[in-house]
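Each remark here refers to the structure printed beneath this line.
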Amino acid sequence: MNGSLGDPSSLDTADYDPIDHINLLFSHPSAVSSINRVSKTLKQQQNDVSKDISALEQTQAYQPDSSLERMQSAQTELAQLFRKIETVRSRAVETEQNITTMTADIKRLDGTKKNLTLSMTALKRLQMLTTAYEQLRGLARTRQYRDCAGLLQAVLQLMKHFNSYRSIEQIATLSREVAELQRELLEQVCEDFEMSFAKGEVGTKRNVLVEACLVMDALGDAAKSRIVTWYVNTELREYRQVFRGNDEAGNLDNIGRRYAWFKRMIKTHEDDHAVIFPPHWRVNEVLATAFCEGTRDDFKGILERSMRRADGAKIDVNLLLSCLQETLDFEQSIEKRFANEPRASIDTLSSAEEKTQNFNGLISVAFEPYLSLWVESQDKQLATMIPKYRTQPLISEDDEFSPQAVIPSAIELFHFYKLTLSQCAKLSTSERLLDLSKTLARYLDEYAQQVLLSILQSTGTSSPTIQDAVLVLNTADFWHANTTQLEENIKKRIDADLVSKVDMSSQSDAFLGVASAAVLSLVQIIQSDCEGTWREMKNTNWSTMETAGDQNLYVGELIRHVNAKTEEILAVVAKQQYARAFCDNLVENIATTFIANIVACKPISEVGAQQMLVDKYALSKAFINLMSYHNPSAVPQTPSGPFTRRVEQSMNRMDPLLKTLQVRSSPPEGLVQAYLIHIGDRSDTNFKKILELKGVRKSDQPHLVELFGIHRDSNANGKLIQNSPLLTPLMDASGMGGGITASTSGSLTGASAAGRFDAGSFGEKLLSAARDISATSAITSPNGMTDKATINENLRNFGKFFRRDIGGLGARFGKRDGSIGAEEGQR
């Protein structure tokens, strides 16, 4: 390439950039005129390069040392290499065959030497066995048991080497003679024991018996078990004769005599007989186990006969418990006596297993099927306690009310439960403990319903006092937490296969339901205090307002009442989560009542609706500070974000209604569009409710309803719901009657939300709310009273909702034990 194209070597560089090259060639607009010359030069260079490539290809193709020739040469060399490898392999096989032939004679010689060695060893052992057998027979005749024991072990060990030679006649004969000698030794030792004990010569023949036990040890577990079983039966013969053959001595009243007899017997054994038996036989434990098993069988028969008495009288519970307690003490003392070191099997039958004997429950298990009598006695005692608790004062005369106070009956019942559970766990950890847990759970339901809930309903037509409601709240919270702990304690003590059957979560939920009822009763106290304020709202003429200004006078009065009562109530509500639940329900209750009073204030003009929005905003702004009355401090606290959002959510429920009422009915299309935007449902009935609230004349309503149907049916987005959750329960189909149903937050206000709190019907309202929450129907008895089981079930459902309601705030209140989470605790 000539100089006009720049550096000729630039095209060969590794980092060649055509753009830079072009910019170099045409660095000035005047250089564009040389583009034809540059193009020709590039074309010429391309042709030259193509010619060079073709020439190189031809040269490479016709060179004598081509790639094809090299490949053929490589294949030839590879074939030669394979032939050499095959030659080496065949030579290796031939060499291996030669070596095998050379070493065959050596292998035969080694086998002969090994067989000769084994034969000499077997012959030597046979000689030793024959000699030992003859010596053993002589020692057995002279009762030299200590030498017999060592020699017997040697004989038995040598016989193991000849088990595979028993087809030889001489070996088979010797094996039979050894077995016969073992049997003779066993019978001889047993005879020595029997004669010594029968003649009372244990003391004089003690050394002989000690050495005889060494022989029994050498004979094996079967021999040892035989002598131990004989000894145990001999020692317990008197016990069985006295306590099984005598009805008076064997009854439950004389249970202490049985254990006293055993203590005397075991002391005699340890003083006179224990030294005879090897320590690892642990004969004392065998004696104890046999005594316990025999006593257990005796008790089973006695108890069974007592339950089948002709007069139908049951066993005295106090006697049963006394005998059981004495038995438990005896078992514990025996267990403690033998618990110092690991023990071998103490089964009186032959056993080679090593196991640990546990005396706990060995006798007392006989009482377990009859512990239902004790559970029944606890049931009867609890049945008398619940009515007594209903009449007890909520605070004892010597105590003063405090925000943490709990009703004394709850403390008394808790201690009773704790003591009863501890007693039953000592007596039984199986079915009886499960029965007791069910009994305790049933009376927890009774306490929640008949004691705590009745306090909220026992004040006639007035609301319960703040102190009473707070005491019920604290007590319900106390049992809500302790019911969970009670369940955990029972699960720790009960048998593993019954753990899944212990469940007190429904009782815990029931107490949480009572706590929610107490919170709602506190809300009703404020609602009752604000009745006059709501009347002032209803007495205002909302149809003739000309302008909307500042908040109405009733709003300030309502805020003062709410703040004063809230401060008084939150000062005695100890826990944060219940203070928050109270404030949530209070705001929801007021919002529901506000909506109910909107219905009562019809007709409402557009200006009136605007004024109501102003009043609603003033209430919302005031309510976000309600939580500041709980644990107030000198430093003003910023309202928490979650509670602020909860207030806004509750108070903004009425915005669609008021914004729709703000729109004039003329032109009618504006009102229809406003309804479709704010209310957003397809119900003609609900649209008529808006018209009635605005005071539209009956004659003008058909046209508006017809126009509403046209716009509704032409709605293209299809987002209209069938019935508005706000308007549908607002008024019944007949017009302005009826009222607001219980809100989903758990408020118990009904159509009479602005009226007085009817404590007598509070329980029914609670059940109604629980039914709404759980979507279940209450079961009523023929006389119209709610069934007890249904009340308990509704309390549980209400408690679950209440927990979910406060648990929905996140980790702050979601814990089952009622503790406050880190986020809300920091606030």
Side-chain angles (χ1 to χ4, degrees), residues 530 533-534 536-556 558-559 587-624 645-681 683 685-696 701 704 708 720-721 723-731 735-736 738-741 743 745 747 749 753-754:
C530 297
T533 307
W534 293 121
E536 184 177 346
M537 176 185 178
K538 289 186 288 187
N539 291 334
T540 303
N541 191 342
W542 297 93
S543 64
T544 59
M545 286 188 177
E546 297 180 355
T547 59
D550 293 336
Q551 65 188 42
N552 271 318
L553 295 177
Y554 80 92
V555 175
L558 178 63
I559 292 174
V587 173
E588 187 69 24
N589 184 280
I590 293 177
T592 303
T593 308
F594 195 103
I595 296 174
N597 281 281
I598 292 175
V599 176
C601 292
K602 72 160 186 121
I604 303 171
S605 66
E606 293 76 19
V607 177
Q610 183 178 357
Q611 182 62 51
M612 286 184 177
L613 278 173
V614 173
D615 297 343
K616 187 271 302 184
Y617 175 77
L619 291 173
S620 301
K621 187 176 180 180
F623 290 159
I624 62 176
R645 290 191 294 271
R646 183 63 179 264
V647 171
E648 293 174 351
Q649 179 184 3
S650 298
M651 297 302 294
N652 290 342
R653 287 194 297 121
M654 63 195 77
D655 283 0
L657 174 60
L658 294 177
K659 290 180 179 179
T660 304
L661 294 176
Q662 273 187 294
V663 180
R664 298 180 180 274
S665 56
S666 178
E669 288 81 359
L671 178 60
V672 172
Q673 290 298 331
Y675 181 90
L676 294 175
I677 292 173
H678 297 302
I679 304 300
D681 75 356
S683 172
T685 302
N686 288 341
F687 182 70
K688 291 179 181 178
K689 294 176 182 179
I690 293 294
L691 300 182
E692 292 182 11
L693 287 176
K694 289 182 64 65
V696 177
Q701 289 186 13
L704 288 169
F708 168 72
L720 298 179
I721 60 177
N723 289 288
S724 167
L726 175 64
L727 286 184
T728 300
L730 193 60
M731 297 173 289
M736 302 302 295
I740 303 172
T741 62
S743 67
S745 69
S747 174
T749 52

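Starting from 1, each residue takes its place in the sequence as its number. Keep in mind that this is a model prediction, so the values were computed, not measured.
- Using cut-offs of 30° and 60° on the angle between ring planes, the pair Tyr554 and Phe594 is tilted.
- Judged by distance alone, with hydrogens and angles left aside, the side-chain atoms of Gln662 form no donor-acceptor pair with the main-chain N or O of Ser605 at under 3.5 Å.
- From Gln673, atom CD reaches atom OG1 of Thr660 across 12.0 Å, with rounding to the nearest 0.5 Å.
- A search for side chain to side chain contact (heavy atoms under 4.5 Å, CB included) contacts involving Thr540 returns Trp542, Met545, not counting sequence neighbours.
- Note that CG of Leu691 and CG of Asn686 are 11.0 Å apart. Values are rounded to the nearest 0.5 Å.
- The backbone N or O of Thr728 sits less than 3.5 Å from a side-chain atom of Lys689, completing a donor-acceptor pair.
- Rounding to the nearest 0.5 Å gives a distance of 3.5 Å between CD of Glu606 and NZ of Lys694.
- Residue-environment remark: CG (Asp655) exceeds the threshold of 12 foreign heavy atoms within 6.0 Å.
- Environment of NZ in Lys688: sparse, with no more than 12 heavy atoms of neighbouring residues, nucleotides or ligands closer than 6.0 Å.
- Partners of Gln551 under the side chain to side chain contact (heavy atoms under 4.5 Å, CB included) rule, at least two apart in sequence or in another chain, are Val555, Asp615, Ala618.
- Heavy atoms from other residues, nucleotides or ligands lying under 6.0 Å from CG of Leu553 number 12 at most.
- Among residues two or more places apart in sequence or in another chain, the ring-ring contact (aromatic ring centres under 6.0 Å, His included) test is passed with Phe623 by none.
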